[in-house]
Amino acid sequence: MINKRMPNAAKAVADIPDGASIMVGGFGEAGSPIELLHALIDQGAEDLTIISNNCGSGEVGLAALLKARRVTKVICSFPKTANSTVFPELYREGFTELELVPQGTLAERIRAGGAGVKAFYTPTAAGTPLAEGKESRDFDGRTYLLEHGLTADFALIKGVQADEHGNVTYNKTARNFAPVMAMAARTTIVQSARVSAPGGLDPEVVVTPGIFVDRVVEVPQPAHESELIAAGVSYP
Amino acid sequence: MINKRMPNAAKAVADIPDGASIMVGGFGEAGSPIELLHALIDQGAEDLTIISNNCGSGEVGLAALLKARRVTKVICSFPKTANSTVFPELYREGFTELELVPQGTLAERIRAGGAGVKAFYTPTAAGTPLAEGKESRDFDGRTYLLEHGLTADFALIKGVQADEHGNVTYNKTARNFAPVMAMAARTTIVQSARVSAPGGLDPEVVVTPGIFVDRVVEVPQPAHESELIAAGVSYP
Amino acid sequence: MSTSDAVQGWDREAMARRLAQDIPNGSYINLGIGIPELVAKFVPEGRTFIYHTENGLLGMGPSPEEDQEDPELINAGKRHVTANPGAAYFHHADSFAMIRGGHLDLSILGAMQISQAGDLANWSTGKPGAIPAVGGAMDLVAGVKKVFVLTQHTTKTGEPKLVESCTYPLTGQGVVDRIYTDLAVIEITPAGFQTIELAPGVPFEHVQGMTGAQLSPPPASPSE
Amino acid sequence: MSTSDAVQGWDREAMARRLAQDIPNGSYINLGIGIPELVAKFVPEGRTFIYHTENGLLGMGPSPEEDQEDPELINAGKRHVTANPGAAYFHHADSFAMIRGGHLDLSILGAMQISQAGDLANWSTGKPGAIPAVGGAMDLVAGVKKVFVLTQHTTKTGEPKLVESCTYPLTGQGVVDRIYTDLAVIEITPAGFQTIELAPGVPFEHVQGMTGAQLSPPPASPSE
């Protein structure tokens, strides 16, 4: 029997060590695995590298992890959002380093990492400051940049319906980076509103097949970033 | 209003010119768009390049197109199957050229073509005869081959449920190459057992989004290669 | 250089309406944040556009009723949206495959500067201490078939946005096809900025005065 | 060189059963066509394996009842299969991402030749006039974490399959981890072929005689 279910978020993230690289799903608050992030804050790991599209909002979820001074580097396409004050301060202070990557290049680098594609040529960012220090090459008269696949030690992602084999589906635009991050991380941890026995998901509608997922934890009523912020929550 | 529905298979393939490159979905008989292929035989285009995992079986579908001497090149991973006699003869005769590509490299080259990734580095086939003439490069002590994205003029694929915007779902392992071929072809033509108005498919379960599809034709009772062969059919 | 009060040009909605007239039926469009979002309000009679939002939705619909919002159904600007019939959700790698692979017909973006060679700067002032953030802008301009810029002709302080060469960090080189401003519609040609149309009551000389590079006048008989 | 009638070794089912004992619970496995497919019949008590078929299914189950066949539910060998509870369908690029990305634990393949350096030849005799066909073999050996070969020790005509260096065109270089034959279990080590275990009643000298390269004898006290 195969059962990847974990009893709670704390157990699911218990072995994440200092210095780990962690992919965190979500675009804005859609798909942000708040409960896993809060468990990681409680757990205490530091000197983390976070790979995520944004850096969180307010002082909950990913922003709270940064605020707790656990993150020394982010690989990110858009670190500033409307309610984002934590990252700018840590960045200006020099505590948190930033590797800025165009959003589509970030998604494709993560997919490449998960798919065993070592590197690829993309036209995105050619001729811009983000091409500096990168190898480029012309094909058919157009310039392309060489971008490398990206992997991580862990991925924290949020699904809506999962099963004990690790198959996952998502809610609307919460899908965003999760399927490719699940592929690219050595250990993928999923929080899902529902977790069923195998057979609970139609094989035709599975978005992330279980082979990409290591642990599943049921979080039936996940918090939303905007609601926590509206309620004035600052985690912990 | 957007409606990509075509009245029949003949109209759907009517403008495929001599010399066209055509991606054909299917792995074995699963996903083979028999009715579109038979319409293409009737239509008469020749000097075609076919990109497909196999070369068909018996004398129906893709094998029948080859037998009609319409295909001068195939890009393929496994051109010989149990009931395949047509391709071997054309290949030995020198009428049909073969570019042999490992199956995963073929799938990834097609995806890259559709995704605007010009080329990528893969470990597959390094150190084998299929690496001959290819650029290679070492990363972290391992050898990778540079493989180029692959596009085509047309794709012929088979879905099970589609809508008039071109959204498509597939039946089981008939999915195989269809989603990436739909991305990589300039004109993608889908035959589907059912075609509904927009709204007939749950946005969460769409496999091929309509942006990748140009024409949809309803073929309610598609033929299966094995059944045609068992019935002794030789098309036309 | 400052904007003359006597010359009004198009307002934001008129700019969006003017641009929408140039979009063919059935186009797949990515709308940038800000003025570009207004285009969806001015779809010409008889045409249907399908909107792509790069965070993973094709077939984006208008904002939901206030109590129908789903925090996980948002657009690239992180605003609540809806899904139209015929919509599809997908992940980011697939979403940017649509962009990079040239499957979208049109990207409509704001701009800080556009050069006469079609270079676009719209992501960073390059000021020291600013927090860099790029999002999907570089992917859009590199991949989408046509790139239309929808922007005020000058900055709030009256500096020209249409320039000989950009001083801000680039988003892409030679990527812009057309510019729709409050004063004019301008095409990027091998010869530089070509005026296609002037806003009603706006003299060409006024537009040239607000532009930081040579502007070719509109054709003698307007195509309108 | 010919196989001695006096020495029997394992039959095909016993070979598959022996290999199955070395697979940990919960492994994700791709089974090649032929003898490797037999492994699924010998899953040890208390273990569950999940089968991947590269044409787009994880969680492949056994053959269906005769009237339950779906021509579009097949495995890589194009035979009718079923989908177990917990299965998932996906497209070819995703399927080979699982393979190339190192997500599968084990690939079990047949072989024409295996060299002492772990090179594998299993796709082509290289004969002029033969129709070349490679399928997913090169992807599997390049990507999957462990590669086990399950094969008769010699060809039908008694030629050794375990050789110093392959004469047939390679599928991959240095990719094989272990070889399970009718005569022995043999590991590829930096020092070459290392016998792990002999089939019951098969003397080491016999196996060496059937092998085209130096074979290290099994450890003094078998780990069994």
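Per chain, numbering begins at 1; letters A, B, ... match sequence-line order. Quick note: numbers below take in every heavy atom, side chains included, and nothing from hydrogens, waters or symmetry partners.
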With a 4.0 Å cut-off on N to O distance, would you call B:E135 and A:R137 a salt bridge? yes

B:E108/A:R111 ion pair, N-O < 4.0 Å: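 Yes, this pair counts.
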
Looking at chain A, which one of B:K118, B:R142, B:K172 has the largest number of heavy-atom pairs inside 4.5 Å, strictly under?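 It is B:K118.
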
Look at the rings of B:H148 and A:F139 and say which category their plane angle falls in: under 30° parallel, 30 to 60° tilted, over 60° perpendicular.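 Aromatic pair B:H148/A:F139 classed perpendicular.
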
Just by modelled atom types, is the B:N171 backbone N or O under 3.5 Å from a matching donor or acceptor in the A:E204 side chain? no

Name of the residue among B:V206, B:V205, B:V207, B:T169 meeting side-chain contact (heavy atoms from CB on, under 4.5 Å) with A:V205: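 Per the side-chain contact (heavy atoms from CB on, under 4.5 Å) rule, the option paired with A:V205 is B:V205, out of B:V206, B:V205, B:V207, B:T169.
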
For the student: nearest non-hydrogen atoms of B:P123 and A:G116, plus distance: CD-O, 3.5 Å

Side chain / backbone / both / neither for B:D140 at chain A, heavy atoms under 4.5 Å: side chain

I'd like to know whether A:V117 forms a side chain to side chain contact (heavy atoms under 4.5 Å, CB included) with B:Y144, so could you lay out the CA-CA distance, the side-chain angles of the two residues, the decisive distance to 0.1 Å, and finally the verdict. CA-CA 9 Å; A:V117 168; B:Y144 294 79; over 6 Å; no

